[in-house]
**Student:** 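Quick one: this structure, given as structure tokens, is what I'll be asking you about.
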Amino acid sequence: MYITTTIPYVNARPHLGHALELVQADVLARHHRRRGEPVRFQTGTDDNSLKNVLAAEAAGVPVRELVDRNAAAFEGLRGPLALSFDSFIRTSTHPAHREGVERIWRETGHDLYQRHYEGLYCVGCEQFYPEGPCPDGHEAPLQRVSEQNWFFRLSRYQDDLYALISSGRLRIEPAARRNEVLAFVAAGLDDISVSRSAARARGWGIPVPGDPAQVVYVWWDALANYITALNDGGGGDYERWWVREPSKVHLVGKGVIRFHAVYWPAMLLSAGRPLPTAIFVHDYLTADGRKISKSSGNAADPAALVRAYGTDAVRWWLLREVPRVGDADFTEARLVARADEDLANGLGNLVSRVATMVVRFLDGHVPEEGEPLAEVDGVVDAALAEFDFRRAALAVWTLVEEANRYVELARPWQQSPREREASLGTLVRTCRELAVQLEPFLPGAAARVSAAVGAGRLTRPEPLFPRHARPAARGTA
RNA sequence: GGGGCGGUAGCUCAGCCGGUCAGAGCAUCGGACUCAUAAUCCGUGGGUCGUGGGUUCAAGUCCCACCCGCCCUACCA
């Protein structure tokens, strides 16, 4: 499976919304790797956006410096969020990227033509609008732009795209999003402008081959990363992951569906390249009921949240509480409640009590016999197949709940030695199974559970998870 | 303007083709237990399922209208 996230433009530091997409992709990657499937997990940054240029100008720093600094912040999420991406591409520095963009440009040459264009351009959206103001409410006013641009014959691919998506050959999830795209395609596709004047872009970006006065439209440039990251000029990765791989999944936010579900497949069709097989569209996060923005502060800064509460707590909130459909509101109080109730009181306490009983009653020796209490692999698998991370996480959690109930039922401290051996054997095996099932979701926690109830003689473990709220304050924060 | 999604207990949400669908978790209250991070387990209370109509023997569950929130799309005067 080839899994990609979108590559964010780096006019600012990453926020929690970026973390959501990265963590979702990471869960898919880890889940499929665990099942022995070949996986390539790809992410990176879009350095070539005009927005980066403007942000740098506003900050009074060279573009290169701002882009490098912010790109480093994105790549730096790897550790704090425990991400397992296999490669991280930066569109301004990856050696094969520029070359790859030029190559697709040439391959689609039969669908490119020059046309004079005049319109209102929103730099915030990197998009033209027939009239103002910009529907997203970006602060910068729309610019009246009049220039000679390159256009792509998108209109030519309307029928192909419709057939592709309605047949499911290009799967778009959730279904409501697929319908949205189909409605858009069916309404008729106009050709799109795919270049900008180099002057207006301040010379930032990739020059159009044979027309240095123009730079390649940033979306065209950015979308290409999905194949240029594989060094599509040669070297085997492209062949392996884009041509032969049967499952190619793009994770994208709802704001960029059209680029991924319409423009990108059309580009590939025009270039005679293989297409992705699935696009999963997630909705957005809000923080304290408000749209996440640069002014949201720490509440939406994933690195800061990890410093305060740890990797597991942040990942767990993103996976356990964000629905497949619909925006989700993030609050620190909810993250703390989840971490305390689920991780500390639920999982941590379970492992703690099981290990302690093995130490106390069996001198630390784990019984030979025992089977996990339940099988959740199938449910997790089914949930992840439809990108329902919350349902998958919940399924794993049923193991914790079953195990805690089982302790109360069996009451090993009152059992005969023989009964006790059996019940503790069951509990240890269940905890081990938990570690296995949990790995894609909470790799750090899984490793700690594994260590606490692993092979050899058990010892009384330290608490696996800290509690963040005082008991008396729980739920009121 | 057109299209889509959501509006279910205080909070977060499950409820596919109409008939144990009125549910879960958290919070509240009561009980049990003591292996455990004062954690855990069991039970109670609580909702006119956005509003108003309609179809049906029967509707959160289908149809229509409207209200609220969000998204996509478009701009006729």
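Sequence lines set the chain letters: A, B, ... in the order given, protein chains first and strands last, and positions in each chain run from 1. The model shown is predicted, which means the values in this text are computed figures rather than measured ones.
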**Student:** Which residue pairs pass the side chain to side chain donor-acceptor pair (under 3.5 Å) test when at least one of the two sits in residues 355-374 of chain A, sequence neighbours left out?
**Tutor:**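 Qualifying pairs: A:Asp363-A:Arg457.
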**Student:** Looking only at the aromatic ring of each residue, does the gap between the centers of A:Tyr226 and A:His260 stay below 6.0 angstrom?
**Tutor:**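 Between A:His260 and A:Tyr226, the centre distance is under 6.0 Å.
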**Student:** Which of residues 350-369 of chain A have a heavy atom under 4.0 Å from RNA chain B?
**Tutor:**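 Per residue number, the list reads A:Ser352, A:Arg353, A:Thr356, A:Met357, A:Arg360.
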**Student:** Quick one, which residues of residues 422-459 of chain A touch RNA chain B with a heavy atom under 4.0 Å?
**Tutor:**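 None - not one residue of the stretch has a heavy atom sitting under 4.0 Å from the strand.
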**Student:** As a test of your reading of the structure, name each stem of RNA chain B as range with range, where a stem is three or more consecutive Watson-Crick or G-U pairs at under 3.5 Å.
**Tutor:**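 RNA chain B stems, ordered by first number: B:1-7 with B:67-73, B:10-13 with B:23-26, B:29-32 with B:40-43, B:50-54 with B:62-66.
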**Student:** Between P on B:A27 and CD on A:Glu341, what's the gap in Å once rounded to a whole number?
**Tutor:**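 Atom CD in A:Glu341 sits about 5 Å away from atom P in B:A27.
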**Student:** Answer with base, sugar-phosphate or nothing: what part of the nucleic acid does A:Arg391 contact at a heavy-atom distance below 4.0 Å?
**Tutor:**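 Since no nucleic acid heavy atom lies under 4.0 Å of A:Arg391, the category is nothing.
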**Student:** Taking salt bridge (charged side-chain N to carboxylate O under 4.0 Å, His left out) as the cut-off, I'd like each qualifying pair that reaches into residues 436-454 of chain A, sequence neighbours left out, listed once.
**Tutor:**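 The answer is A:Arg30-A:Glu439, A:Asp312-A:Arg448.
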**Student:** Which part of the nucleic acid does A:Phe465 contact within heavy-atom distance under 4.0 Å: base, sugar-phosphate only, or nothing?
**Tutor:**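 A:Phe465: base contact, heavy atoms under 4.0 Å.
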**Student:** Both A:Trp413 and A:Leu343 contact RNA chain B. Taking the nearest nucleotide for each, which residue is further toward the 5' end?
**Tutor:**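 It is A:Trp413 whose nearest nucleotide is closer to the 5' end.
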**Student:** With C1' as the reference atom in both, quote the distance from B:A9 to B:G47 in angstrom, rounded to an integer.
**Tutor:**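 So the two C1' atoms sit 4 Å from each other.
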**Student:** Of A:Trp105, A:Phe151, A:Tyr263, which meets ring-ring contact (aromatic ring centres under 6.0 Å, His included) against A:Trp220?
**Tutor:**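 When A:Trp105, A:Phe151, A:Tyr263 are each tested with A:Trp220, the ring-ring contact (aromatic ring centres under 6.0 Å, His included) holds only for A:Trp105.
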**Student:** Hey, what are the protein-to-nucleotides 3-10 of chain B N/O distances that come in under 3.5 Å?
**Tutor:**
none

**Student:** Distance check needed: B:C41 C1' versus A:Glu408 CD, whole Å only.
**Tutor:**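 About 4 Å, once rounded to whole Å.
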**Student:** Determine whether A:Thr286 and A:Asp329 satisfy the following criterion, side-chain hydrogen bond (donor to acceptor under 3.5 Å, both in side chains), listing intermediate values before the conclusion.
**Tutor:** CA-CA 5 Å; A:Thr286 55; A:Asp329 187 44; 2.7 Å; yes
**Student:** Mind checking if A:Arg420 touches a base, just sugar-phosphate, or nothing, with heavy atoms under 4.0 Å?
**Tutor:**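 Contact class for A:Arg420: none.
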**Student:** Does a side-chain N or O of A:Arg467 approach OP1 or OP2 of B:A38 to a distance below 4.0 Å, or not?
**Tutor:**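 Answer is no, no contact under 4.0 Å.
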**Student:** Have a look at A:Leu409 and say if it touches a base, only the backbone sugar-phosphate, or nothing, with a 4.0 Å heavy-atom cut-off.
**Tutor:**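 A:Leu409: no heavy atom of the nucleic acid under 4.0 Å.
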**Student:** Output yes when at least one side-chain N/O atom of A:Gln414 is less than 4.0 Å from OP1 or OP2 of B:C33, else no.
**Tutor:**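 It does not, given that no N or O in the side chain of A:Gln414 lies less than 4.0 Å from OP1 or OP2 of B:C33.
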**Student:** Between A:Val400 and A:Pro323, who's closer to the 5' end of RNA chain B by nearest nucleotide?
**Tutor:**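 Taking each residue's closest nucleotide, the earlier one in sequence belongs to A:Pro323.
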**Student:** Quick one: which residue pairs count as a ring-ring contact (aromatic ring centres under 6.0 Å, His included) with a foot in residues 394-445 of chain A, not counting sequence neighbours?
**Tutor:**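 For residues 394-445 of chain A: A:Trp316-A:Trp397.
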**Student:** May I have all residue pairs that pass salt bridge (charged side-chain N to carboxylate O under 4.0 Å, His left out) and include part of residues 175-192 of chain A, sequence neighbours excluded?
**Tutor:**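 Residue pairs passing salt bridge (charged side-chain N to carboxylate O under 4.0 Å, His left out), neighbours aside: A:Arg177-A:Glu180, A:Arg177-A:Asp283.
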**Student:** Quick one: list whatever passes salt bridge (Lys or Arg N to Asp or Glu O under 4.0 Å) with A:Arg320, sequence neighbours left out.
**Tutor:**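 Per chain and number, A:Arg320 pairs via salt bridge (Lys or Arg N to Asp or Glu O under 4.0 Å) with no residue.
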**Student:** Would B:G60 be called syn or anti here, given the cut-off of 90° from 0?
**Tutor:**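 The base of B:G60 is oriented syn (glycosidic angle within 90° of 0).
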**Student:** Does A:Glu402 have any salt bridge (Lys or Arg N to Asp or Glu O under 4.0 Å) partners at least two apart in sequence or in another chain, and if so, which?
**Tutor:**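 A:Glu402: no salt bridge (Lys or Arg N to Asp or Glu O under 4.0 Å) contacts found.
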**Student:** Taking the same atom, P, in B:G60 and in B:G19, what whole-Å distance lies between them?
**Tutor:**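 Nearest-Å result for B:G60 against B:G19 at atom P: 11 Å.
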**Student:** Which nucleotide sits closest to the side chain of A:Arg460: B:A36, B:A39, B:C35?
**Tutor:**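 Taking heavy atoms from C-beta onward, the closest nucleotide is B:A36.
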**Student:** Could you list the residues that satisfy salt bridge (Lys or Arg N to Asp or Glu O under 4.0 Å) with A:Arg334, not counting sequence neighbours?
**Tutor:**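 For A:Arg334 the salt bridge (Lys or Arg N to Asp or Glu O under 4.0 Å) partners, ignoring immediate neighbours, are A:Glu321.
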**Student:** Partners of A:Arg432 by salt bridge (Lys or Arg N to Asp or Glu O under 4.0 Å), sequence neighbours excluded?
**Tutor:**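 If we apply the salt bridge (Lys or Arg N to Asp or Glu O under 4.0 Å) test to A:Arg432, skipping adjacent residues, there are no hits.
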